[in-house]
Structures are given as structure tokens and as C-alpha cells.
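Quick note: residue numbers are just sequence positions, from 1. Both counts, for ligands and for their atoms, begin at 1 and track the order of listing. These numbers come from the heavy atoms of this one structure, side chains and all, not from hydrogens, waters or symmetry mates.
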Amino acid sequence: MEQKFAGEGLREWESPLYLEALHQFDRVAELIGLDENIAERLRVPQRSIVVTFPYRKDDYSDVESLFGYRVQHLLTMGPTKGGIRYAPDVNLGEVAALAMLMTWKCAIVGLPFGGAKGGVRVDPLALSRSETQRVTRRYTAEIINFIGPNKDIPAPDMGTDEQVMAWIMDTYSQQVGHSEPAVVTGKPPALGGSVARREATGRGLVSLLPMAAQQAGMDLDGACVSVHGFGNVGRYAALAAQQLGTRVVAISDISGGVHNGKGLDVEDAMAYVDKHRTLEGFTGGGDRITNAELLTIDCDVLMPCATGGVVTGDNAGDIKAKIIMEGANGPTTLAADEILNERGVLVVPDILANAGGVTVSYFEWVQDLQNYFWSESEIVGRLREIMSRAFDEVLSVATKHETDLRTAALIRGIRKVADAKLARGVFP
Ligand code: NAD
């Protein structure tokens, strides 16, 4: 498809992840014969906010300036929704790509949101708790006019957690003069956070594993699972996989990984990370391995749950897993996708596989708006229902178009958004 956007090209958002997201979009837009005017609008985010702000280090004589971002890809479907990432290499292009993926994800599971994403370029492991609080409150103040329960609702992502969401909620509430829990999701339950939100992404991911295994003709009883990334998504995915009766043989985080062919005790590893912040020094009765080794280790199911671009053209040919469940956003490059498809590896794509997080975030937002809170069993039951319905729908698109699950998921998400845009028309 010809690139028609505003002459200047896409320089503002250009980054490897954005170009990949765009390539995926263009391919599917062409495949489904998407209206060119709509395609042109969807290729770029509606709002991109870049802020710079200072924060005081703990000794109070040192002031450092940081870059922060918030990108809202699509305002057609309702408020926008998406996580906030604290990482040393965050940039506008990465955040824009993730915001676009959020749009498709919300449409695939049928949530009334457009996609958004935010980030601060900072190493979260280098910040003390009080520094994290000051960074969070100032970043929130910088983007405060663009967020709100009916505008844009942030959530946790890499490097942020329930406590960060609590500080955002408090900063926002101080400004508007009343308590406003619905401005963020992924808060502590004491502040109107939903029970089961913490576990939702990992749990949702693993809830699709039996359906994926059926597609791949795999018996899950005693199957071996490797998990890349042991943060919010990875640890609860590993735990859910263990509870399902699989053997979690390898886990890793930024400090490296560990392998034990007999199976690791996931709860032991979780307790270790709670105490030491990372897996560094943990052996779990097995051997230390590198992150690169984990990705290609002998296993049946690989769950990349850390960061983007880790399954690449260089290692895709060596991956032993027959199923890849994408917990992270954008873990597989386009080159890797082609190789995996050719090799018959079943990839359950991020925009479907990790949608459990935003789904329970949606439940949290609804509960906050109504001040009426649901039980854990209601939440888990509704999550399972939405995830399995989305999987079935994507699978039937894949069967009809004789294509892979990523293409099918994109077809489904993009079609829903295009229908809504056509119905609303162009203002004025
Ligand atoms: P997190 O910060 O809680 O955990 C990230 C984990 O990945 C940590 O264990 C960290 O040490 C590890 N890690 C970071 N960089 C790494 C690297 N280069 N190599 C190996 N390990 C590395 O973050 P999270 O919330 O678990 O998010 C992880 C991924 O899942 C991200 O891609 C995020 O966008 C995606 N995601 C998160 C949610 C959610 O609800 N939190 C929902 C959907 C998707």
C-alpha cells in the first residue's frame, strides 16, 4: 500500500518496533482490502505527548531530567487504555508501536477502549523507592490533562507496579480535589484495585494453553515450559503453568536464568525475587543459564514474558518449543515469525495471548465507576470466558483465511476498529 501520510513520512515515531507494527498492519490492511482513508488514519497515533521533567535524587543536591511519553493511538472506541513502562531504552517510537498494538488487542477481546501506552526513560532498578515516587508523581503531573477515567486510563507495564499506580491515582486525585480510583487500573485492592488483576495477564495467557495444545496436537500433562522474564507477567504465567500440571524447567530475568530439567519450584523463585529484586544467585537445584540459552532450550512451550524483539531471525531456527505463547508485547520479530510459521511452530500472538491484563483492567475500571466490587471467582470466570471466546473467534478467522493466528487476530481487530470508524464518519 502506498504511504500517503502527510509528506514528512513517519519520522516522529520511527523505531524498529513501530516499523514492524506498521508492516503487520499494512499487510493485513491490504489482505482485507481496508478503505485507504481509514488505513491512513490508523497508521499513525492520534496523540503523542513528549515531556521532560526533573526529579530530585535521594541526596537532594542532585537533580536529574528525564524523558516521558504518553501516546494515544485511537480515540474512536471510547477512552484510551494502556500501560506505563519504566525502562532505560524507552522512546517515542516504541511507545507508539505498543499503543497501536493495544488498539488491536482491545478490539480483539471486545473492550470499549482505544490503545494507548506511556513510558519514562529511566532504569527502575537504579531508583530507590522514594525516587520512584518522585519520578511517578512528576510524570503524572506532566500528563495530567491527557489522562482521566473518561479520557485515558494507564496501567502497569514493564518496571511499574501496583505501588506506582497508587501514586498516580493519588497525584491525580490531589489535583482534581476528590478521590478518583478509575483513573488507573492495576492499583492495590485497598484503593479500588481489582482482586486478581495482579495475576491476570499470566493467568489469561495460560488459560489459552490447553486450546493451543489441542491445535498443536500436544499432551500438556508433564509438558516442559520455559518462561523468559519473571516479572508480573512471567511469574504468574509460570505459576499458572505449574498449576496446570506442566513442568516449568527454565525461568529468567534481566540477571540471567536458571534451568532444572526436573522442574523448578515457581513459588520458591517468586519468594527469592521478592527478597532480592532479581533471580541473580538463584539456582532452584539446577544450573544457571543465559537468557539466550533459555530461548532455545529443550522444551515444549516457550513463553516470552519480558520484553520486545527477543525471538529473532537469528535464533528462531534453533527454538525447540512447538508452541510460543507471547506474554510480552512484540517479542517476535517479523523475520522470526516467518521462520516459525515455516517450521510449523504455533505462535499465540501478544494481541491475543496477553489480553488478560487489559481485560481485568477493564473489570477494575467498571467496578471503580460503579463502586461495586466483584468476587475473585466472578472475575476469573469472566476472564476465562472472554479469553476463550477470543481464541475461538481468532481461530475461525485463521481457518477461513488459511493463515496464522497473528494475521487472523489482526484481521479481527482491524476490522472491528474500521467498522467503528466508518460508522462515526469524519468530523466536521
Ligand atoms: P515487569 O517489569 O514486572 O517484569 C519484566 C521482567 O522481564 C523482569 O523479570 C525483568 O527482569 C525481565 N527483563 C527485562 N528486560 C529483560 C531482558 N532484556 N532479558 C531478560 N529479561 C528481561 O514487567 P511485566 O509487567 O511483567 O511486563 C513484561 C512484558 O509483558 C512487557 O512486554 C509488557 O509490555 C507485557 N505485558 C504486560 C502486562 C501487564 O499486565 N503487566 C500486560 C500485557 C503485556
J.: Are S15 and E94 close enough that a side-chain donor and a side-chain acceptor fall under 3.5 Å?
T.: no
J.: Can you name the atoms of ligand 1, numbered from 1 with element, that are less than 4.0 Å from a heavy atom of G327?
T.: 30 (O), 35 (C), 36 (N), 44 (C)
J.: If we set the cut-off at 4.0 Å for heavy atoms, which region of R235 has an atom near ligand 1: side chain, backbone, both, or neither?
T.: neither
J.: Identify the protein heavy atom lying closest to atom 41 (N) of ligand 1, giving its residue, its atom name and the separation to 0.1 Å.
T.: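 I find the closest protein heavy atom is N232 OD1, 3.5 Å.
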J.: Considering the heavy atoms of A328, write down every atom of ligand 1 situated less than 4.0 Å from one of them.
T.: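 Reading through ligand 1 atom by atom, the close ones are 29 (C), 30 (O), 32 (O), 35 (C).
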J.: Heavy atoms, side chains only, cut-off 4.5 Å: are R288 and S255 in contact?
T.: yes
J.: I'd like to know if the side chain of E364 and the backbone of K187 have a donor-acceptor N/O pair within less than 3.5 Å.
T.: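 A pair under 3.5 Å: yes.
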J.: Checking side chain to side chain contact (heavy atoms under 4.5 Å, CB included) for the pair L42/H73: CA distance, chi angles, key distance, verdict?
T.: CA-CA 8 Å; L42 292 174; H73 175 250; 4.3 Å; yes
J.: For atom 8 (C) of ligand 1, find the nearest protein heavy atom and state the residue, atom name and distance (0.1 Å precision).
T.: G231 N, 3.8 Å
J.: Select one of side chain, backbone, both or neither to describe which atoms of C305 lie under 4.0 Å from any atom of ligand 1, heavy atoms only.
T.: backbone
J.: Report yes or no: is the cationic atom of R121 (NZ for Lys, CZ for Arg) closer than 6.0 Å to the six-membered ring centre of F67, at no more than 45° off its axis?
T.: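 Yes, a cation-pi geometry.
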J.: Note the single closest protein heavy atom to atom 2 (O) of ligand 1, along with its residue, its atom name and the distance in Å.
T.: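 For atom 2 (O) of ligand 1, the nearest protein heavy atom is G159 N, 2.7 Å.
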J.: Among protein heavy atoms, which sits nearest to atom 18 (N) of ligand 1, and what does the distance come to when rounded to 0.1 Å?
T.: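 The answer is T307 CG2, 3.8 Å.
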J.: Return the residue, atom name and 0.1 Å-rounded distance of the protein heavy atom closest to atom 39 (C) of ligand 1.
T.: T201 OG1, 3.5 Å
J.: How does N291 reach ligand 1, if at all, at less than 4.0 Å between non-hydrogen atoms: by side chain, backbone, both, or neither?
T.: side chain
J.: From the options F373, W374, Y372, select the one residue that forms a ring pair (Phe, Tyr, Trp, His ring centres under 6.0 Å) with F363.
T.: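 One option only clears the test, and that one is W374.
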J.: Who gets closest to atom 38 (C) of ligand 1 by heavy atom: D161, T160, V273, V233?
T.: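 Looking at heavy atoms only, the winner is V233.
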J.: Please report whether ligand 1 has a polar contact with R85, defined as an N or O pair separated by less than 3.5 Å (distance criterion only).
T.: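 There is such a contact, yes.
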J.: Does the distance from a Lys or Arg side-chain N to an Asp or Glu carboxylate O, for D152 and K81, drop under 4.0 Å?
T.: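 Salt bridge: no.
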J.: Using only heavy-atom distances, determine whether the side chains of E12 and S48 contain a donor-acceptor pair under 3.5 Å.
T.: no
J.: Which of the numbered atoms in ligand 1 are under 4.0 angstrom from any heavy atom belonging to H228?
T.: 19 (N), 20 (C)
J.: Atom 12 (C) of ligand 1: which protein heavy atom is closest, and how many Å away?
T.: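 Result for atom 12 (C) of ligand 1: I254 N, 3.9 Å.
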J.: May I ask you to identify the nearest protein heavy atom to atom 31 (C) of ligand 1, giving residue, atom name and distance to one decimal place in Å?
T.: A306 O, 3.3 Å
J.: Checking D300 against M218 for the side chain to side chain contact (heavy atoms under 4.5 Å, CB included) test, could you report, in this order, the C-alpha distance in whole Å, the side-chain angles of both residues, the deciding distance, and whether it holds?
T.: CA-CA 9 Å; D300 302 302; M218 180 191 291; 3.8 Å; yes
J.: Indicate whether the side chain of Q133 and that of R137 have a donor and an acceptor atom separated by less than 3.5 Å.
T.: yes
J.: State the atoms of ligand 1, each with its element, that fall below the 4.0 Å cut-off from a heavy-atom position in G229.
T.: 7 (O)
J.: What atoms of ligand 1 come within less than 4.0 Å of a heavy atom belonging to R197?
T.: 40 (O)
J.: Exactly one of D268, D274, D253 should register a salt bridge (charged side-chain N to carboxylate O under 4.0 Å, His left out) with R235. Which one does?
T.: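 When D268, D274, D253 are each tested with R235, the salt bridge (charged side-chain N to carboxylate O under 4.0 Å, His left out) holds only for D274.
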J.: Does a side chain donor of either S375 or E378 reach within less than 3.5 Å of an acceptor in the other side chain?
T.: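 Yes, because at least one side-chain N or O of S375 sits under 3.5 Å from a partner of the opposite role on E378.
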J.: I'd like to check which ligand 1 atoms, numbered from 1 as shown, lie under 4.0 Å from a non-hydrogen atom of F230.
T.: 6 (C), 9 (O)
J.: May I ask you to identify the nearest protein heavy atom to atom 33 (C) of ligand 1, giving residue, atom name and distance to one decimal place in Å?
T.: D157 OD1, 3.2 Å
J.: Consider ligand 1: state whether an atom of it lies below 4.0 angstrom from any non-hydrogen atom of G83.
T.: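 No.
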